[in-house]
Amino acid sequence: MYVCGPTTYNYFHAGNARMFVVFDMIRRYFIYKGFDVRYVQNFTDIDDKIIQRGNVEGMDPLALGQKYIDEYFKDAKELNLLPATVHPKATEHIPEMIEIIQGLIDSGLGYEVEGDVYFAVDHFPDYGKLSGRTLDDMKAGARVEVDERKRHPMDFALWKKAKPGEPAWESPWGEGRPGWHIECTAMSLKYLGAGFDIHGGGEDLSFPHHENEIAQTEGYLKGKTFARHWMHNAFLTINQEKMSKSLGNFFTIRELLVNSPGEVIRFYLLGTHYRSPLDFNDQNLIMAQKGLERLQTSVRLAQEALAREGAVKNDQGSLELSRASKEAREAFEKAMDDDFNSALAYAALFELAKTMNGLVQANPVPSEGLAEAHNTLVKLGDVLGFDLLHPAKIDVENNEILNEVMEVVLQIRSKSRQKKDWEMADFIRDGLKEKGIVIEDTPQGARWQIKR
Ligand code: AMP
Ligand code: ZN
């Protein structure tokens, strides 16, 4: 599998994360099914936006790229993304790109104009086959600025002549840097070879990025198939609009991690089928948290019950749990076999958790069946990238939302006291105490802390 990775000029946002998490889930399911998956995800670490951002931050663009590559791995770990088999960086594959560009020029598919090299789209008869567009549609649809140097308005850059002060590499056409599309061609061919199984990315990449990758690669390979299957995830949106760096309507994973553990963000992102749009809001994150907690709680209760009692074999409860485990595995696989429907796979997990919850209190504990159900739930959770045995510990006292809510609660209590509404003030204090939150009245006002 080859998946188009991030352009490294910022922390990645929740929209990018959807893509990473979706393909990680697909990869994990293949592994579960016994496939040996070679997974390549690149870093686009040179690009106009990286250069611009470097100027803003007063940083060398290549150092800036490296900085955000390092940051990528920190967030990826929180989201429980498996590291790729290879994480190639564009800047470390310039010779491979130059070789392919030269090959395209030699076969008449590329042409040089004053240090820039373009791909001649109308020399590749299949151009448009992925997105289902024709060159005429594209010409009509695109607001193409007239570029005298291009032979066809849809021709795209394979190599860009260096501008003063920008990072540049030597090439047969002078100093410059690669175009974006050729990077993925060079890196996927190098690490997977022609005709690899799956090429993935967000749906915005199918045109022009992937269309152009196909044209270059199959042109270079003289018609051999580049990738056998193309998969694209739908967008994460905010108010139905794509979450994107350029629109500025994004939340980075780094920001979201302040209030939500990575596993909750992951649970949220996989709670909708990957080809359906998913709208982002706090409410959905909270629902995801509750859902994940339900599964974690079932696992914990099962463990506690199993620790209490020795094995009871073949009793009614065990048989029921064993049957529920089998049904969960089947429903899970059915959902995942149907185009990786992780949302439906969740339903299989919840169903099993429900049966478990109904039987953990049974006396004697149906140990044999419960152990099987417990292991099944943990295993299937793991296939989706959730470690149900080790829930993330939330640092409640440093939790931003909780702090804000408690501030409001203390204000309400203080107002009640001002109005001598002691009943309400006590009701609030006692109610919180029951939940393990203790209020202390100090000369500076009320304070709260968690005491369990
Ligand atoms: P970029 O860093 O912008 O090159 O994007 C990295 C990957 O994230 C690409 O595969 C994009 O298609 C994907 N992506 C970007 N924004 C979104 C979004 N809002 N929802 C889903 N995927 C996205
Ligand atoms: Zn790509």
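Sequence positions, counted from 1, serve as the residue numbers for this chain. Indexing begins at 1, ligand by ligand and atom by atom, following the structure's order. These numbers come from a predicted model, not from an experiment. When reading the values below, keep in mind they use all heavy atoms of this one structure, side chains included, and skip hydrogens, waters and symmetry mates.
Salt bridge status for K129 with E211: absent, with no side-chain N to carboxylate O gap under 4.0 Å. Electrostatic pairing of K161 and E114 does not count as a salt bridge here, judged by no charged N lying under 4.0 Å from a carboxylate O. Under 4.0 Å is where a charged nitrogen must lie from a carboxylate oxygen, and between D338 and K334 no such pair does. Classification of E71 and K74 as a salt-bridged pair holds, one side-chain N sitting under 4.0 Å from a carboxylate O.
At least one N or O atom of N16 sits closer than 3.5 Å to an N or O atom of ligand 1. For ligand 1, one of its N or O atoms has an N or O atom of L236 under 3.5 Å away. The N/O atoms of D204, backbone and side chain alike, include one that comes under 3.5 Å of an N/O atom in ligand 1. Distances between N or O atoms of L205 and those of ligand 1 include no value under 3.5 Å. Annotation: T7 places an N or O atom under 3.5 Å from an N or O atom of ligand 1; distance criterion only. When only interatomic distances are considered, the shortest N/O to N/O separation between M243 and ligand 1 falls below 3.5 Å. For ligand 1, one of its N or O atoms has an N or O atom of G202 under 3.5 Å away.
If you look at F43 and F73, their ring centroids are closer than 6.0 Å. Aromatic rings from Y11 and Y72 are positioned such that their centres are separated by 6.0 Å or more.
The shortest heavy-atom distance from S244 to ligand 1 is not under 4.0 Å. Within the 4.0 Å heavy-atom shell around ligand 1 one finds A234. Using a 4.0 angstrom heavy-atom cutoff, H13 counts as in contact with ligand 1.
For the Zn ion (ligand 2), the N/O/S atoms of H181 include none lying under 2.8 Å. For the Zn ion (ligand 2), the set of nearby N, O or S atoms under 2.8 Å includes none belonging to H210.
Taking every heavy atom of C4 and a limit of under 4.0 angstrom, the matching atoms of ligand 1 come to 10 (O). Atoms of ligand 1 found under 4.0 Å from any heavy atom of M19 (numbered from 1 in listed order, with element): 10 (O). Those atoms of ligand 1 with a heavy atom of K245 less than 4.0 angstrom away are 2 (O). Taking every heavy atom of N233 and a limit of under 4.0 angstrom, the matching atoms of ligand 1 come to 21 (C), 22 (N). For ligand 1, the atoms closer than 4.0 angstrom to any heavy atom of G15 are 17 (C), 18 (C), 19 (N), 20 (N), 21 (C), 22 (N), 23 (C). Atoms of ligand 1 lying under 4.0 Å from at least one heavy atom of P6, given by number and element, are 2 (O).
Between the side chain of D45 and the backbone N or O of A90 there is at least one donor-acceptor pair closer than 3.5 Å.
Among F251, F280, F250, F235, the single residue meeting the ring pair (Phe, Tyr, Trp, His ring centres under 6.0 Å) criterion with H13 is F250. A side chain to side chain donor-acceptor pair (under 3.5 Å) with T185 holds for exactly one of E213, Q216, K190, E218; it is Q216. When the options Y32, F23, F30, F332 are evaluated for a ring pair (Phe, Tyr, Trp, His ring centres under 6.0 Å) with F340, the one that passes is F30.
With a heavy-atom cut-off of 4.0 Å, T237 does not touch ligand 1 at all.
Side-chain contact annotation: E407 with N403, donor-acceptor N/O pair under 3.5 Å absent.
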